[in-house]
Amino acid sequence: MVEGSRNRDPGVSLDDMIEEQRRAASSVILKPIDLEGVSLVGGVDVYHSGGYSHASAILYDIRSKTVVSRSSSLAEEVFPYLPGFLYRRERRLMVEAVRGMESSPDLLLVDGHGLAHPRGAGVAVFVGLDLMMPTVGIAKSLLVGRVGARENFHAPLMIDERLVGYMVGREGSKKYYISPGNLITVEDLPDVASLWDFRYPEVLREADRESRRKRMIG
DNA sequence: GCGACAG
DNA sequence: ATCTTGTCGC
(Lines give C-alpha, C1' and ligand atoms only; values in the text may rest on other atoms or scores of the structure.)
Protein backbone atom coordinates (compact mmCIF):
# COMPACT_ATOMS: atom_id res chain seq x y z
CA MET A 1 0.00 0.00 0.00
CA VAL A 2 1.04 3.55 -0.58
CA GLU A 3 1.96 5.38 2.59
CA GLY A 4 0.17 8.40 3.88
CA SER A 5 -3.35 7.75 2.78
CA ARG A 6 -6.27 5.45 3.40
CA ASN A 7 -9.37 5.69 1.27
CA ARG A 8 -7.85 4.06 -1.77
CA ASP A 9 -8.35 0.84 -3.67
CA PRO A 10 -7.45 -2.00 -1.35
CA GLY A 11 -4.52 -4.08 -2.44
CA VAL A 12 -3.16 -1.67 -5.01
CA SER A 13 0.43 -0.79 -4.41
CA LEU A 14 2.44 2.04 -5.85
CA ASP A 15 4.47 -0.56 -7.74
CA ASP A 16 1.26 -1.98 -9.24
CA MET A 17 0.22 1.45 -10.43
CA ILE A 18 3.62 2.23 -11.88
CA GLU A 19 3.59 -1.10 -13.70
CA GLU A 20 0.11 -0.36 -15.04
CA GLN A 21 1.39 2.98 -16.34
CA ARG A 22 4.37 1.37 -18.04
CA ARG A 23 2.08 -1.10 -19.78
CA ALA A 24 -0.21 1.72 -20.88
CA ALA A 25 2.70 3.79 -22.17
CA SER A 26 3.92 0.89 -24.28
CA SER A 27 0.42 0.24 -25.65
CA VAL A 28 -0.17 3.74 -26.94
CA ILE A 29 -0.60 4.04 -30.68
CA LEU A 30 1.06 7.20 -31.96
CA LYS A 31 -0.25 7.51 -35.49
CA PRO A 32 -1.29 10.60 -37.44
CA ILE A 33 -4.94 11.60 -37.15
CA ASP A 34 -7.03 12.58 -40.14
CA LEU A 35 -7.88 16.19 -39.32
CA GLU A 36 -10.23 16.46 -42.29
CA GLY A 37 -12.39 13.81 -40.68
CA VAL A 38 -12.72 15.62 -37.37
CA SER A 39 -16.06 17.34 -36.95
CA LEU A 40 -17.34 15.98 -33.65
CA VAL A 41 -15.02 16.83 -30.77
CA GLY A 42 -15.69 15.47 -27.29
CA GLY A 43 -14.59 16.87 -23.95
CA VAL A 44 -14.62 15.19 -20.54
CA ASP A 45 -13.97 16.51 -17.05
CA VAL A 46 -14.53 15.37 -13.46
CA TYR A 47 -15.57 17.46 -10.49
CA HIS A 48 -15.02 16.19 -6.95
CA SER A 49 -17.10 17.41 -4.05
CA GLY A 50 -18.37 16.14 -0.75
CA GLY A 51 -17.02 12.65 -1.22
CA TYR A 52 -18.57 12.24 -4.66
CA SER A 53 -17.17 12.51 -8.15
CA HIS A 54 -19.18 13.81 -11.09
CA ALA A 55 -17.97 13.31 -14.66
CA SER A 56 -19.47 15.12 -17.62
CA ALA A 57 -18.79 14.40 -21.26
CA ILE A 58 -19.82 16.84 -23.97
CA LEU A 59 -20.06 16.20 -27.68
CA TYR A 60 -19.49 19.32 -29.70
CA ASP A 61 -19.88 20.03 -33.40
CA ILE A 62 -16.84 22.09 -34.19
CA ARG A 63 -18.32 23.43 -37.41
CA SER A 64 -21.62 24.74 -36.04
CA LYS A 65 -20.13 25.33 -32.57
CA THR A 66 -23.07 23.61 -30.93
CA VAL A 67 -23.42 20.96 -28.26
CA VAL A 68 -24.70 17.72 -29.79
CA SER A 69 -24.87 15.45 -26.74
CA ARG A 70 -24.23 15.45 -23.01
CA SER A 71 -23.63 12.59 -20.63
CA SER A 72 -22.78 12.40 -16.95
CA SER A 73 -21.82 9.75 -14.48
CA LEU A 74 -21.64 9.84 -10.71
CA ALA A 75 -19.78 7.72 -8.15
CA GLU A 76 -18.35 7.89 -4.68
CA GLU A 77 -14.82 9.21 -4.64
CA VAL A 78 -12.68 6.10 -5.05
CA PHE A 79 -9.15 7.38 -4.79
CA PRO A 80 -7.34 10.44 -3.43
CA TYR A 81 -5.48 12.87 -5.59
CA LEU A 82 -1.89 11.74 -5.94
CA PRO A 83 0.30 13.71 -8.36
CA GLY A 84 1.22 11.40 -11.23
CA PHE A 85 -1.63 8.99 -10.52
CA LEU A 86 -4.70 11.00 -11.48
CA TYR A 87 -5.85 8.15 -13.71
CA ARG A 88 -6.87 6.14 -10.64
CA ARG A 89 -9.16 8.91 -9.56
CA GLU A 90 -10.84 9.92 -12.82
CA ARG A 91 -10.31 7.38 -15.59
CA ARG A 92 -13.24 5.04 -14.92
CA LEU A 93 -15.81 7.79 -14.54
CA MET A 94 -14.54 9.63 -17.63
CA VAL A 95 -14.86 6.48 -19.74
CA GLU A 96 -18.38 5.87 -18.43
CA ALA A 97 -19.48 9.39 -19.27
CA VAL A 98 -18.07 9.24 -22.82
CA ARG A 99 -19.72 5.87 -23.43
CA GLY A 100 -23.03 7.38 -22.37
CA MET A 101 -23.10 9.86 -25.23
CA GLU A 102 -25.31 9.33 -28.24
CA SER A 103 -22.39 8.98 -30.60
CA SER A 104 -18.62 8.78 -30.49
CA PRO A 105 -16.41 11.82 -30.99
CA ASP A 106 -13.82 11.88 -33.77
CA LEU A 107 -11.43 13.31 -31.18
CA LEU A 108 -11.76 13.41 -27.39
CA LEU A 109 -10.24 16.11 -25.19
CA VAL A 110 -9.41 14.94 -21.69
CA ASP A 111 -8.80 17.32 -18.78
CA GLY A 112 -5.29 16.31 -17.68
CA HIS A 113 -2.02 15.26 -19.27
CA GLY A 114 -1.32 12.53 -21.80
CA LEU A 115 2.27 11.84 -22.86
CA ALA A 116 3.49 14.78 -20.79
CA HIS A 117 3.82 12.59 -17.74
CA PRO A 118 6.79 11.14 -15.79
CA ARG A 119 6.10 7.68 -17.26
CA GLY A 120 4.36 8.80 -20.44
CA ALA A 121 0.97 7.68 -19.16
CA GLY A 122 -1.29 10.49 -18.00
CA VAL A 123 -5.04 10.01 -17.66
CA ALA A 124 -5.63 10.95 -21.31
CA VAL A 125 -3.54 7.93 -22.35
CA PHE A 126 -5.66 5.54 -20.27
CA VAL A 127 -8.94 6.97 -21.49
CA GLY A 128 -7.71 6.75 -25.07
CA LEU A 129 -6.73 3.11 -24.63
CA ASP A 130 -9.96 2.16 -22.83
CA LEU A 131 -12.10 3.71 -25.54
CA MET A 132 -9.60 3.06 -28.35
CA MET A 133 -10.29 6.48 -29.84
CA PRO A 134 -8.06 9.50 -30.54
CA THR A 135 -7.51 11.50 -27.35
CA VAL A 136 -5.42 14.47 -26.34
CA GLY A 137 -4.64 15.57 -22.83
CA ILE A 138 -5.29 19.21 -22.01
CA ALA A 139 -3.95 20.46 -18.68
CA LYS A 140 -3.99 23.90 -17.11
CA SER A 141 -0.66 23.44 -15.40
CA LEU A 142 2.54 21.52 -15.89
CA LEU A 143 3.36 18.22 -14.21
CA VAL A 144 6.74 17.59 -15.83
CA GLY A 145 8.78 18.98 -18.70
CA ARG A 146 10.29 22.23 -19.88
CA VAL A 147 8.94 24.73 -22.35
CA GLY A 148 11.05 25.80 -25.32
CA ALA A 149 10.96 28.80 -27.61
CA ARG A 150 7.53 30.09 -28.59
CA GLU A 151 6.46 30.28 -32.20
CA ASN A 152 3.09 31.74 -33.04
CA PHE A 153 0.73 30.51 -30.33
CA HIS A 154 2.56 27.42 -29.23
CA ALA A 155 5.88 26.40 -27.68
CA PRO A 156 7.39 22.91 -27.55
CA LEU A 157 7.14 20.96 -24.31
CA MET A 158 10.18 18.74 -23.76
CA ILE A 159 10.97 15.99 -21.30
CA ASP A 160 14.72 15.57 -21.44
CA GLU A 161 15.37 15.79 -25.19
CA ARG A 162 12.02 14.43 -26.27
CA LEU A 163 9.14 16.50 -27.63
CA VAL A 164 6.04 15.36 -25.71
CA GLY A 165 3.55 18.18 -26.33
CA TYR A 166 3.06 21.92 -26.52
CA MET A 167 2.26 24.87 -24.34
CA VAL A 168 -0.58 26.68 -26.10
CA GLY A 169 -2.26 30.04 -25.71
CA ARG A 170 -2.80 33.37 -27.36
CA GLU A 171 -0.94 36.50 -26.37
CA GLY A 172 -2.04 37.72 -22.97
CA SER A 173 -4.20 34.73 -22.11
CA LYS A 174 -3.65 31.85 -19.74
CA LYS A 175 -1.55 29.08 -21.26
CA TYR A 176 -2.43 25.41 -21.23
CA TYR A 177 -0.56 22.21 -22.07
CA ILE A 178 -1.51 19.71 -24.72
CA SER A 179 -0.08 16.24 -25.29
CA PRO A 180 -1.10 13.04 -27.11
CA GLY A 181 -3.33 10.47 -25.44
CA ASN A 182 -3.82 7.83 -28.10
CA LEU A 183 -4.15 7.51 -31.89
CA ILE A 184 -2.56 10.87 -32.57
CA THR A 185 0.99 12.22 -32.82
CA VAL A 186 2.77 15.12 -31.18
CA GLU A 187 3.30 16.59 -34.64
CA ASP A 188 -0.47 16.72 -35.17
CA LEU A 189 -1.02 18.93 -32.15
CA PRO A 190 -0.39 22.42 -33.55
CA ASP A 191 -2.94 21.72 -36.29
CA VAL A 192 -5.31 20.23 -33.75
CA ALA A 193 -5.07 23.30 -31.53
CA SER A 194 -5.72 25.48 -34.57
CA LEU A 195 -9.19 23.88 -34.72
CA TRP A 196 -10.13 26.09 -31.80
CA ASP A 197 -7.78 28.93 -32.73
CA PHE A 198 -5.36 28.12 -29.89
CA ARG A 199 -7.87 29.34 -27.31
CA TYR A 200 -8.91 27.12 -24.42
CA PRO A 201 -11.35 24.68 -26.08
CA GLU A 202 -14.99 25.56 -25.53
CA VAL A 203 -15.99 21.90 -25.27
CA LEU A 204 -13.82 21.51 -22.16
CA ARG A 205 -15.19 24.71 -20.66
CA GLU A 206 -18.63 23.26 -21.17
CA ALA A 207 -17.65 19.91 -19.63
CA ASP A 208 -16.26 21.78 -16.63
CA ARG A 209 -19.43 23.85 -16.22
CA GLU A 210 -21.62 20.80 -16.62
CA SER A 211 -19.77 18.68 -14.06
CA ARG A 212 -19.98 21.51 -11.52
CA ARG A 213 -23.66 21.92 -12.23
CA LYS A 214 -24.23 18.23 -11.54
CA ARG A 215 -22.74 18.70 -8.11
CA MET A 216 -25.28 21.42 -7.25
CA ILE A 217 -28.19 19.24 -8.30
CA GLY A 218 -27.39 15.78 -7.06
C1' DG B 1 18.19 15.19 1.69
C1' DC B 2 15.22 18.76 -0.72
C1' DG B 3 11.76 20.57 -3.69
C1' DA B 4 8.21 19.86 -7.02
C1' DC B 5 3.79 17.91 -7.76
C1' DA B 6 -2.22 17.12 -13.68
C1' DG B 7 -6.89 17.33 -10.62
C1' DA C 1 -9.45 19.58 -7.32
C1' DT C 2 -12.21 21.79 -2.57
C1' DC C 3 -13.03 25.05 1.39
C1' DT C 4 -14.08 30.13 1.49
C1' DT C 5 -14.91 36.84 2.32
C1' DG C 6 -13.86 40.30 0.79
C1' DT C 7 -11.16 42.72 -2.32
C1' DC C 8 -8.41 44.47 -6.19
C1' DG C 9 -8.14 45.37 -11.22
C1' DC C 10 -9.58 45.23 -16.23
Side-chain angles (χ1 to χ4, degrees), chain A residues 2-5 7-9 14 17-18 20-22 24-25 28 43-58 72-98 108-130 135-147 155 157-160 164-182 186 189 193 200-201 203-218:
Chain A
V2 185
E3 304 77 25
S5 185
N7 185 34
R8 79 184 51 191
D9 290 354
L14 191 57
M17 297 192 293
I18 290 173
E20 196 175 9
Q21 290 179 328
R22 297 208 186 288
V28 166
V44 62
D45 191 15
V46 183
Y47 192 89
H48 307 274
S49 174
Y52 286 88
S53 304
H54 308 250
S56 284
I58 302 291
S72 293
S73 48
L74 162 70
E76 285 188 17
E77 233 175 322
V78 294
F79 203 80
Y81 171 65
L82 247 192
F85 301 93
L86 181 65
Y87 82 102
R88 273 276 162 186
R89 189 162 163 77
E90 302 193 342
R91 163 206 199 172
R92 183 181 298 277
L93 221 45
M94 282 181 167
V95 168
E96 257 186 49
V98 173
L108 178 67
L109 313 187
V110 175
D111 193 323
H113 288 292
L115 244 194
H117 178 278
R119 288 164 294 282
V123 64
V125 166
F126 283 94
V127 172
L129 288 170
D130 289 348
T135 57
V136 300
I138 301 215
K140 298 168 208 71
S141 65
L142 210 49
L143 179 57
V144 283
R146 296 185 49 170
V147 178
L157 173 59
M158 320 286 296
I159 296 181
D160 299 322
V164 295
Y166 290 90
M167 181 176 80
V168 179
R170 302 193 142 239
E171 208 63 49
S173 49
K174 172 89 176 141
K175 304 295 184 286
Y176 59 90
Y177 305 86
I178 180 168
S179 62
N182 195 25
V186 176
L189 295 181
Y200 190 79
V203 64
L204 272 186
R205 270 210 171 87
E206 191 53 37
D208 180 73
R209 280 193 292 263
E210 184 74 359
S211 59
R212 282 173 199 264
R213 205 167 63 76
K214 290 298 175 189
R215 183 209 61 133
M216 310 298 293
I217 301 171

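Just so it is clear, the model here is predicted, and its values are computed rather than measured. A, B, ... follow the sequence lines: proteins, then strands. Residue 1 opens every chain.
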Classify [X] by what it touches in the nucleic acid, base, sugar-phosphate, or nothing, heavy-atom distance under 4.0 Å.
X	result
A:F85	base
A:G84	base
A:H48	sugar-phosphate
A:V123	base

Please answer whether the main-chain N or O of A:G84 pairs with a side-chain N or O of A:Q21 as donor and acceptor at a distance below 3.5 Å.
->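 Yes: the side chain of A:Q21 pairs with the backbone of A:G84.
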
Within the side chain of A:H113, is there an N or O that forms a donor-acceptor pair under 3.5 Å with the backbone of A:S141?
->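 Yes, the answer is positive, given that a donor and an acceptor are paired below the 3.5 Å cut-off.
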
What is the distance from [atom1] of [X] to [atom2] of [N], rounded to the nearest Å?
X	N	atom1	atom2	result
A:Y177	B:dC5	OH	P	10 Å
A:K140	B:dC5	NZ	C1'	16 Å
A:L82	B:dA4	CG	P	18 Å
A:I159	B:dC5	CD1	P	14 Å
A:K174	C:dC10	NZ	C1'	18 Å
A:L142	B:dA6	CG	C1'	9 Å
A:R92	B:dG7	CZ	P	22 Å
A:L143	B:dA6	CG	P	6 Å

Could you tell me which non-hydrogen atom of A:G114 sits nearest to which non-hydrogen atom of A:S179, and how far apart they are?
->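 Scanning both residues completely, I find the closest heavy atoms to be N-OG, 2.9 Å.
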
Is A:S53 near enough to B:dG7 that one of its side-chain N or O atoms lies under 4.0 angstrom from OP1 or OP2?
->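 For B:dG7, neither OP1 nor OP2 has a side-chain N or O of A:S53 closer than 4.0 Å.
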
Is the shortest side-chain N/O distance from A:S49 to OP1 or OP2 of C:dA1 below 4.0 Å?
->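 Answer no for this pair, as no side-chain N or O of A:S49 is under 4.0 Å from OP1 or OP2.
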
Out of B:dC5, C:dA1, B:dG7, which nucleotide sits closest to the side chain of A:R89?
->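 The answer is B:dG7.
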
Nearest to the side chain of A:R212, which nucleotide is it out of C:dA1, B:dG7, B:dC5?
->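 Nearest nucleotide to the side chain: C:dA1.
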
Quick one: stems for DNA chain B, with Watson-Crick or G-U pairs under 3.5 Å, at least three in a row?
->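 DNA chain B stems: none present.
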
Side chains of A:F126 and A:N182: closer than 4.5 Å at any heavy-atom pair?
->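 No; the side chains remain at least 4.5 Å from each other.
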
Any side-chain heavy-atom pair from A:H117 and A:Y87 closer than 4.5 angstrom?
->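 Answer no - side chains too far apart.
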
Do the charged groups of A:K140 and A:D111 touch, with an N to O distance under 4.0 Å?
->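 The answer is yes: the pair qualifies as a salt bridge.
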
Could you check A:I138 against A:Y200 for side-chain contact (heavy atoms from CB on, under 4.5 Å), going step by step and ending with a plain yes or no?
-> CA-CA 9 Å; A:I138 301 215; A:Y200 190 79; 3.9 Å; yes

